[in-house]
Number of protein chains: 2
Amino acid sequence: MSLSPVAKEMSIPVIKTACSNCNLRELCLPFGLSEEEMARLDDLINVRKRVRRGEHLYRTGQTFESIFAIRSGFFKTDVLLEDGRDQVTGFQMAGELLGLDGISSEQHSCNAVALEDSEVCHIPFSRLEQLSREIETLQHHFHKVMSREIVRDHGVMMLLGTMRAEERLAAFLLNLSQRFTARGFSHAEFNLRMTREEIGSYLGLKLETVSRAFSRFQEEGLVAVQQKHIRILDIPGLKQIMSHHSH
Amino acid sequence: MSLSPVAKEMSIPVIKTACSNCNLRELCLPFGLSEEEMARLDDLINVRKRVRRGEHLYRTGQTFESIFAIRSGFFKTDVLLEDGRDQVTGFQMAGELLGLDGISSEQHSCNAVALEDSEVCHIPFSRLEQLSREIETLQHHFHKVMSREIVRDHGVMMLLGTMRAEERLAAFLLNLSQRFTARGFSHAEFNLRMTREEIGSYLGLKLETVSRAFSRFQEEGLVAVQQKHIRILDIPGLKQIMSHHSH
DNA sequence: CGGGGGGTTTGATCCATGTCAACCGGAAAA
DNA sequence: TTTTCCGGTTGACATGGATCAAACCCCCCG
């Protein structure tokens with residue numbers, strides 16, 4: 001049963017979806033803001049949208065107007081080349097921003113697809129710029145978030161350019177583990193939201209190679225894999241694989 | 001003969017190195033600013049620094065305080081992994097910014113090395129943020145520049161993840177050509193500032209593979225290669241290689 | 001003018017990953 | 001319960017690029 005407008009008017013307490021009571025505020029844009037500043041940020045985020053599994057949040061070429069903060073759920077972004085090849089450029093989870101790539105050309109330069117039922121906050125970009133001209137903390141934090149995206153991308157370039165298959169998968173699992181931990185989930189046990197093919201696309205590998213690497217990790221007792229369910233058994237072992245360069 | 005301080009005091013016209021008379025202003029940060037706004041940007045860029053070939057502009061781990069705009073010259077950025085592997089993450093030329101990756105953690109996350117004698121403008125970041133709170137155009141343009149870097153990185157991820165050796169090199173040459181063109185140089189003839197090994201590192205290939213790909217292009221009449229001197233003979237041909245996926 | 005050395009080219013061989021194909025297994029439909 | 005189907009696993013084989021090695025070339029320096 002959903003609350004009627006009348007219920008609101010009768011001032012029955014309603015859980016307002018707002019930055020100030022969002023448990024992701026320490027990971028997301030509001031980081032470091034005062035109560036009053038957060039309220040002003042709230043003001044500009046007046047649309048929250050559900051995106052069901054498999055649906056696009058935006059597509060390449062669409063006019064860029066807003067960035068999105070993930071309230072809950074899981075997304076992938078991918079780029080499509082004219083000749084049909086495509087690549088997953090990232091997986092995004094709660095508290096992360098989507099759409100930063102659209103600022104440069106005023107249109108989105110990748111597709112964003114929900115990998116599970118998700119909810120996003122819609123942040124009109126020009127209003128965010130306006131507010132960040134007024135709130136130094138917000139401005140600086142936003143710059144940090146963009147910069148972090150650049151650093152992340154450099155990490156992926158490193159992975160794609162210098163690592164072999166098992167190193168890539170180890171790095172990928174450790175990265176997921178670390179991000180789940182930061183969100184208060186188990187660092188050792190989680191469900192993958194993406195297929196082997198999507199993992200492979202992200203890591204520059206074919207799905208068979210990803211599958212074989214998982215099997216190998218399993219044999220060596222590093223992880224327990226059951227379909228999409230992953231239990232990481234030996235984090236130091238994975239770290240060693242990641243950086244145990246044979247040459 | 002250099003001008004003495006006395007000459008300046010006698011108000012003999014001195015070419016001031018300033019954004020307003022920099023021929024890169026349309027590519028660089030000042031893009032879209034009024035004369036008055038550009039003067040304010042000039043105010044904050046009071047150090048211009050020479051970096052000789054082979055010297056570091058900054059190193060991984062150094063405290064981040066400024067970003068740098070390249071006035072002239074050519075740089076590479078690279079990341080070093082603990083196990084000794086490294087990768088070139090980009091090549092930067094006049095009008096481009098260096099150091100954006102340092103914002104996120106307040107320390108530089110890569111090395112920037114001059115590949116030829118260069119000159120950079122030193123832009124204290126906190127003052128840039130301050131000014132961009134006051135000048136909307138500057139703020140927006142800066143955001144676009146950061147976003148463009150993200151889009152560029154996605155392009156490189158695509159290249160590393162889905163392209164084969166010759167496609168990567170074709171993409172690389174076309175990209176250089178296009179950037180030289182934008183700076184008023186010949187789009188068809190230029191000198192590479194980097195070694196085959198650096199190209200390989202950037203493209204996720206070994207130097208021998210890069211060399212072989214060059215030879216192949218030469219055989220096929222796509223380019224004329226003589227050491228570091230490159231003449232592009234067939235741009236459509238290169239474009240076709242880049243996107244002529246065999247599968 | 002004659003080394004010397006870094007960068008480059010080219011050849012021969014090897015190997016990690018791609019490719020192709022068969023099979024498996026769990027979830028949803030019938 | 002059985003069927004279907006999609007995603008995943010596993011095997012056999014092919015291949016692009018890595019590796020190792022030698023020779024070459026250009027530029028700098030004595």
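Just so it is clear: chains get the letters A, B, ... in the order the sequence lines come, proteins before strands, and each one is counted from 1.
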Between CG of A/Leu205 and P of D/dG16 the distance, given in whole Å, is 18 Å
Residue pairs meeting side chain to side chain donor-acceptor pair (under 3.5 Å), one or both in residues 172-184 of chain B, sequence neighbours left out, come to B/Glu96-B/Arg179, B/Glu96-B/Arg183, B/Asn175-B/Arg179
B/Arg164 CZ to C/dT19 C1', in whole Å, measures 11 Å
Which protein N or O atoms sit under 3.5 Å from an N or O of nucleotides 7-11 of chain C?
{"residue": "C/dT8", "atom": "OP2", "partner": "B/Arg196", "partner atom": "N", "Å": "2.9"}
{"residue": "C/dT9", "atom": "OP1", "partner": "B/Arg196", "partner atom": "NH2", "Å": "3.2"}
{"residue": "C/dT9", "atom": "OP2", "partner": "B/Arg196", "partner atom": "NE", "Å": "2.9"}
{"residue": "C/dT9", "atom": "OP2", "partner": "B/Ser211", "partner atom": "OG", "Å": "2.8"}
{"residue": "C/dT9", "atom": "O5'", "partner": "B/Ser211", "partner atom": "OG", "Å": "3.2"}
{"residue": "C/dT10", "atom": "OP2", "partner": "B/Ser215", "partner atom": "OG", "Å": "2.5"}
{"residue": "C/dG11", "atom": "N7", "partner": "B/Arg212", "partner atom": "NH1", "Å": "2.9"}
{"residue": "C/dG11", "atom": "O6", "partner": "B/Arg212", "partner atom": "NH2", "Å": "3.1"}

To the nearest angstrom, the CZ-C1' distance between B/Arg85 and D/dA18 comes to 14 Å
Between A/Glu189 (side chain) and A/Ser186 (backbone), is there a donor-acceptor pair under 3.5 Å?
-> no
Point to revise | Parallel, tilted or perpendicular: ring planes of A/Tyr58 versus A/His108, cut at 30 and 60 degrees | key: parallel
A/Ile199 atom CD1 is separated from D/dG7 atom C1', nearest whole Å, by 12 Å
**Request:** Give B/Gly200 one of three labels, base, sugar-phosphate or nothing, depending on what nucleic acid heavy atoms sit under 4.0 Å from its own.
**Result:** nothing
A/Leu192 CG to D/dC6 P, in whole Å, measures 21 Å
note: B/Arg168, atom CZ; D/dG16, atom P; distance rounded to Å ~ 14 Å
Here the distance between atom P of D/dG16 and atom CE of B/Met163, to the nearest Å, is 17 Å
Exercise answer: donor-acceptor pairs, residues 199-210 of chain A side-chain atoms, under 3.5 Å, sequence neighbours excluded:
{"residue": "A/Ser201", "atom": "OG", "partner": "A/Val88", "partner atom": "N", "Å": "2.8"}
{"residue": "A/Tyr202", "atom": "OH", "partner": "A/Arg152", "partner atom": "NH1", "Å": "3.2"}

- prompt: Any idea how A/Phe68 and A/His122 line up, ring-wise: parallel (<30°), tilted (30 to 60°), or perpendicular (>60°)?
  reply: perpendicular
- Quick check, are the ring centers of A/Phe185 and A/Phe190 under 6.0 angstrom apart? no
